[in-house]
Q: 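Handing you this structure, nothing more for now.
Only heavy atoms go into these numbers, but all of them, side chains included; no hydrogens, no water, no symmetry mates. No experiment lies behind these values; they were computed from the predicted model shown.
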Amino acid sequence: MPAVRLPDGPSTPPIVQNLQILTGRTRTWRRMHDRYGSAFTIQMPRFGRSVVLADPAEIKALFTASADLVDNIDINLGQFLGPGSLFALSGNEHRKQRKLLTPPFHGRRLTVYESLIEEEAVHEMASWPSGREFATMDSMMRITLNVILRAVFGAEGADFEELRRLLPRLVLIGSALAAIPVPQRALGRFGPWARFAAYRRRYDEIVGQLIDRAASDRIEERDDVLAMMLQARYDDGSAMSHSEIADELLTLLTAGHETTATTLSWTIERLRRHPDILRRLVAEADAGGSQLREATLLEVQRVRPVIDATFRQVRAETLQLGRWTLPKGQKVVANIRLMHDNEELFPNARAFDPDRFVGVRPGTFSWIPFGGGSRRCIGAAFATMEMNVVLRTLLRDFTLEPTDARDERTHFRGVALVPAEKGRAVVHRRTPPSSGRALDRAAEAAV
């Protein structure tokens with residue numbers, strides 16, 4: 001058996017290293033990178049000794065390794081999302097479930113949801129104050145939550161309203177427990193785990209009602225993901241169980257709600273501080289274009305990744321990964337933040353420059369805000385489309401005021417890295433254009 005070889009790292013007590021990460025993740029990552037290079041070993045909260053990678057070749061090797069060699073970590077969100085969640089599954093079970101869930105989030109299926117997303121964006125933005133600064137993040141959270149409830153859960157009426165109240169509480173307490181572990185028996189029936197369990201029981205009841213209603217409906221005529229889950233079949237012809245569906249619906253919400261909303265808030269925060277790009281985006285949107293807008297969203301996710309690291313755990317007796325030989329059970333971190341800081345991959349990497357992606361596809365193993373390999377976010381294409389539609393709607397309907405205020409700091413909320421001031425904005429509603437182009441659009445809509 002090859003001798004274990006790990007990267008160097010700090011020798012300070014684990015509690016000190018944990019506190020450094022908890023109080024300044026990005027600062028700590030960058031300081032460790034400056035001192036030890038593109039790989040280092042550090043003690044992390046919850047995960048213990050972890051090997052952090054920022055070398056493109058080593059991260060590619062990690063993402064492309066067989067699940068028999070390296071897979072998801074034992075400590076993951078499956079603890080909160082349920083045993084049927086993609087986070088909880090591994091190996092062949094994970095592959096089977098992912099294969100079943102992929103079709104609703106790719107190809108022409110996505111275009112079905114565009115008008116729904118625009119409708120939710122217009123409805124929410126109608127409440128925005130004109131000429132007065134406000135935080136956009138809560139607003140973006142409502143948009144993305146409503147979109148998921150309609151497009152994924154197929155919820156409406158009383159079920160929609162109750163889920164809209166219940167799910168943010170469920171996700172918030174789950175995120176807090178994921179960040180700061182509390183023993184499950186702490187405080188008994190009055191503690192955070194008891195509240196989480198109560199929310200989860202009620203969630204399962206509502207989803208059960210949605211499943212029963214969908215099963216008795218003309219399910220083949222429905223476009224929501226829940227209906228497609230009910231119709232999907234594994235290779236052996238069996239269907240997903242109701243508990244698997246409930247776990248996966250919650251997984252899709254958790255992975256796609258806060259993260260998408262946060263990226264949209266970061267987009268507003270970045271554009272207000274780059275008025276030239278903002279002006280070009282407005283002109284492009286008015287002309288019906290999208291190339292710069294798509295590049296801008298790519299660049300926002302590069303410079304302000306909502307998730308700054310993705311985790312794996314070695315399953316083989318040893319794993320040769322580039323320069324390192326890792327033992328069984330070793331936690332490995334693909335560091336998204338440090339990868340996106342790489343000057344060789346992204347010249348002038350600290351600068352916000354959407355033009356670097358105009359007409360250029362980002363590298364699969366260098367631009368990694370959605371992770372990579374077999375555990376890349378399954379809803380990445382949906383989230384990208386959703387952000388594009390929401391930003392397009394904002395640019396069409398509002399003028400966003402630039403600012404010379406300092407950049408908003410990054411705040412860690414247990415899972416996501418969010419703008420500390422929630423993406424503050426000042427907007428003014430645009431008057432409908434009276435140009436010939438607008439008349440042409442009206443004529444096209446009437447045909």
Q: Is the side chain of Arg315 donor-acceptor paired with the backbone N or O of Asn72 at a distance under 3.5 Å, no angle test?
A: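 Yes, Arg315 side chain to Asn72 backbone: donor-acceptor pair under 3.5 Å.
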Q: Parallel, tilted or perpendicular: which describes the rings of Phe196 and Trp193, with under 30° parallel and over 60° perpendicular?
A: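 Answer is perpendicular, since the angle exceeds 60°.
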Q: Would you list the pairs meeting salt bridge (Lys or Arg N to Asp or Glu O under 4.0 Å) in which at least one residue belongs to residues 3-16, sequence neighbours left out?
A: none
Q: In terms of the angle between their ring planes, are Tyr203 and Phe153 parallel, tilted or perpendicular, with boundaries placed at 30° and 60°?
A: perpendicular
Q: By side-chain contact (heavy atoms from CB on, under 4.5 Å), which residues pair with Thr254, not counting sequence neighbours?
A: Leu81, Val171, Leu250
Q: Applying salt bridge (Lys or Arg N to Asp or Glu O under 4.0 Å), name anything that partners Arg406, two or more places apart in sequence or on another chain.
A: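 Testing Arg406 for salt bridge (Lys or Arg N to Asp or Glu O under 4.0 Å), a comparison that skips the adjacent residues, returns none.
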Q: Just to verify, what does Arg356 make a side-chain contact (heavy atoms from CB on, under 4.5 Å) with, not counting sequence neighbours?
A: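 Checked Arg356 against side-chain contact (heavy atoms from CB on, under 4.5 Å); matches are Glu299, Arg302, Phe346, Pro347, Asp353.
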Q: Please work out which of the three classes, parallel, tilted or perpendicular, describes the rings of Phe105 and Phe382, given edges at 30° and 60°.
A: perpendicular
Q: I want to check a possible cation-pi pair here: Arg304 against Trp266, using under 6.0 Å from ring centre and within 45° of the ring axis as the test.
A: yes
Q: Apply side-chain contact (heavy atoms from CB on, under 4.5 Å) to Lys328 and list each qualifying residue two or more places apart in sequence or on a separate chain.
A: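 Here the qualifying residues are Glu317.
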Q: Between Thr144 and His257, is there a side-chain donor-acceptor contact under 3.5 Å, judged purely by atom types and distance?
A: yes
Q: Identify, with sequence neighbours excluded, every residue that meets side-chain contact (heavy atoms from CB on, under 4.5 Å) alongside Ala61.
A: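 With sequence neighbours excluded, Ala61 shows a side-chain contact (heavy atoms from CB on, under 4.5 Å) to Leu321, given in chain and number order.
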Q: Side chain to side chain donor-acceptor pair (under 3.5 Å) for Gln320 and Thr325? Distances and angles first, verdict last.
A: CA-CA 5 Å; Gln320 190 69 41; Thr325 304; 2.8 Å; yes
Q: Among side-chain atoms of Gln301 and Thr263, is any donor-acceptor pair under 3.5 angstrom?
A: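 Looking only at side-chain atoms, Thr263 and Gln301 do not form any donor-acceptor pair under 3.5 Å.
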Q: More than 12 heavy atoms of other residues, nucleotides or ligands under 6.0 Å from CD of Glu343: yes or no?
A: yes
Q: Evaluate side chain to side chain donor-acceptor pair (under 3.5 Å) for Arg376 paired with Ser374, printing each intermediate quantity in order.
A: CA-CA 6 Å; Arg376 188 175 189 269; Ser374 63; over 6 Å; no
